[in-house]
Enquirer: 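Structure provided below as structure tokens; questions to follow.
Residue numbers begin at 1 in each chain, while the letters A, B, ... track the order of the sequences. Hydrogens, waters and symmetry mates play no part in the numbers below; they use all other heavy atoms, side chains included.
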2 protein chains.
Amino acid sequence: MRKPSSAVLRDQVYDELGALIRGGQFVPGEKLTIRNLAKDFSMSPTPVREALYRLVSEGVLQGEANRSAFIPLLTPEQIAELKDIRLHIECFAAGRAALRGSPEIAARLRKTSAKLKRARAAGDRRSDLALVYTFQFELYAACDMPNLIRIINSLWLKTGPYLNLLFPHYIYAVSTDRGEWRERIAAGVENKDATAVAEEVRQDIDQSLTYIANIISAASMLKKAGGK
Amino acid sequence: MRKPSSAVLRDQVYDELGALIRGGQFVPGEKLTIRNLAKDFSMSPTPVREALYRLVSEGVLQGEANRSAFIPLLTPEQIAELKDIRLHIECFAAGRAALRGSPEIAARLRKTSAKLKRARAAGDRRSDLALVYTFQFELYAACDMPNLIRIINSLWLKTGPYLNLLFPHYIYAVSTDRGEWRERIAAGVENKDATAVAEEVRQDIDQSLTYIANIISAASMLKKAGGK
DNA sequence: CATGATGATTTGATATATCATCCCAGAAAA
DNA sequence: TTTTCTGGGATGATATATCAAATCATCATG
């Protein structure tokens, strides 16, 4: 029961690559070549190249002229930039969403959150990340601001390849530190409590991306020390 | 003395179309066909289609499946959404830029502002709009946040086709209402006064897009009243 | 006069062809 | 052993070919 998402091949490729990227299925630095992907997707290179071009133009992938596109290797500073932007934009979106909240939306969020908990308990990392995405965008969708959603989507794609770094330690720590924070978001959506919802989102973005930036900089220090 | 911007044809097309759109050279509703543009740019349809796809994917152009892309006809509500987003993001960027300001950047802004005044006095609408863009992005560039710049760029493309509506009345009224507000921005960049700079940007976006939304809704009322 | 059918043309999407550049393995030279 | 050179394969960008869907003008029909 899969949605074709679009009859247009290039959009299918974009969507599928996007899901893979958000799900952390690509490792930073990994190269994506047109012909390989075309073979994987069983189509001609044309639609693939268009989808790749779109991702490069959004800054999700990196690609110099006449070279293959690849998942960017972000520095801690670049992660920090993305964190700042995401904090500013997503807290805004979260607040707006809360103001337009409803019991129906809260119910949907709770349902997704329950699914997420099951996937997490089962150790199903792929579903986990997919449901994290679903939850957050079900929230943001309440804003009814398509342009904003598009912007946030693109931002998530940029951090996607690094979300794997949150497993397993950070993911575990969050449940003790912030507990049932998604439930608090659902409650905030019910009560139209913009401040509370925005604050939960703020903490999530701030903590997770700070954690990722720390890991990256620790890794780069180790690499330097290790030499070769 | 023109910069080729990119050796890649699709990027050239994107940049040139972007400049035309930001300069209000297309009228809302106008259709852009691949083959026509390819002829205009003297190239094959391939790079043109890729540039158009990029613009459609950003939401700058509208395009249903298997139909030509066209400049969207925005409703007052959609303008209001763009206004909300631009207010939120660009005030953020303006504040950040001010904090990282310097006399050099202020000098550059003043230079651009002077050029803008000359173009405006001469009634050169195309240069006018181009310099409005230059000024604002010279400001935002001071943030040193490439991802943010990209987002703002895309937002400007979306409002670009409507900037013509600001001429001549609004443009004239601003100079009496807000006077030398670009000079105040330059001064704020010199003093690293984030609040002042953000406030000037806020007023500019708020007033201009409110004005545009009003014109659009007035026009649609007239159309309805006028009948067929 | 309004409406619906129809066929030619336009147009976008995809596949394929072509070309220049890049990349890399392996040979030749230091 | 290391470095430099070189040629073939890989790869991206663009042009072209092909096809299906959409558009439009025309004409027939009510």
Enquirer: Backbone N or O of A:Ser57 within a donor-acceptor pair of the B:Arg150 side chain at under 3.5 Å?
Expert: yes
Enquirer: Does A:Leu32 reach the side chain of A:Leu55, with side-chain heavy atoms less than 4.5 Å apart?
Expert: no
Enquirer: Using atom CZ of B:Arg67 as one end and atom C1' of D:dA20 as the other, report the distance to the nearest whole Å.
Expert: 14 Å
Enquirer: Nearest-Å distance, CG (A:Leu9) to P (D:dA21)?
Expert: 13 Å
Enquirer: Consider the side chain of B:Pro45, meaning its heavy atoms from C-beta on, and name the nucleotide among D:dA13, D:dT16, C:dT16 that approaches it most closely.
Expert: D:dT16
Enquirer: Return the orientation label for the A:Phe137 and A:Trp156 ring planes: parallel under 30°, perpendicular over 60°, tilted otherwise.
Expert: perpendicular
Enquirer: Using a heavy-atom cut-off of under 4.0 Å over every strand shown, decide if B:Thr33 touches base, sugar-phosphate, or nothing.
Expert: sugar-phosphate
Enquirer: Assess whether a salt bridge exists between A:Arg108 and A:Glu104, defined as any Lys/Arg side-chain N lying under 4.0 Å from an Asp/Glu carboxylate O.
Expert: no
Enquirer: Please tell me if A:Ser44 has a side-chain N or O lying less than 4.0 Å from either OP1 or OP2 of C:dA15.
Expert: yes
Enquirer: Between B:Lys83 (side chain only) and B:Ser208 (backbone N and O only), is there a donor and an acceptor less than 3.5 Å apart?
Expert: no
Enquirer: Atom OH of B:Tyr14 to atom C1' of D:dT14: distance rounded to whole Å?
Expert: 21 Å
Enquirer: Can you tell me how far C1' of D:dG12 sits from CZ of B:Arg10, to the nearest Å?
Expert: 8 Å
Enquirer: Check the distance between D:dA10's C1' and A:Ile34's CD1 and give it to me in whole angstrom.
Expert: 12 Å
Enquirer: Could you state the CZ-P distance from B:Phe41 to D:dA15, rounded to the nearest angstrom?
Expert: 13 Å
Enquirer: Atom CD of B:Glu64 and atom C1' of C:dG12: how far apart are they, to the nearest Å?
Expert: 13 Å
Enquirer: When you measure only distances, ignoring hydrogens and angles, does the side chain of A:Arg35 come within 3.5 Å of the base of D:dG12 through a donor and an acceptor?
Expert: yes
Enquirer: Please give, in whole Å, the distance from C:dT10 P to B:Leu32 CG?
Expert: 19 Å
Enquirer: Under 4.0 Å, heavy atoms only, any strand: does A:Ser68 hit a base, just the sugar-phosphate, or nothing?
Expert: sugar-phosphate
Enquirer: Taking only the side-chain heavy atoms of A:Met43 (C-beta and beyond), determine which of D:dT14, D:dT18, C:dA15 contains the nearest atom.
Expert: C:dA15
Enquirer: For A:Pro47 and for A:Asn66, locate the closest nucleotide of DNA chain C by heavy-atom distance; then report the residue assigned to the nucleotide nearer the 5' terminus.
Expert: A:Pro47
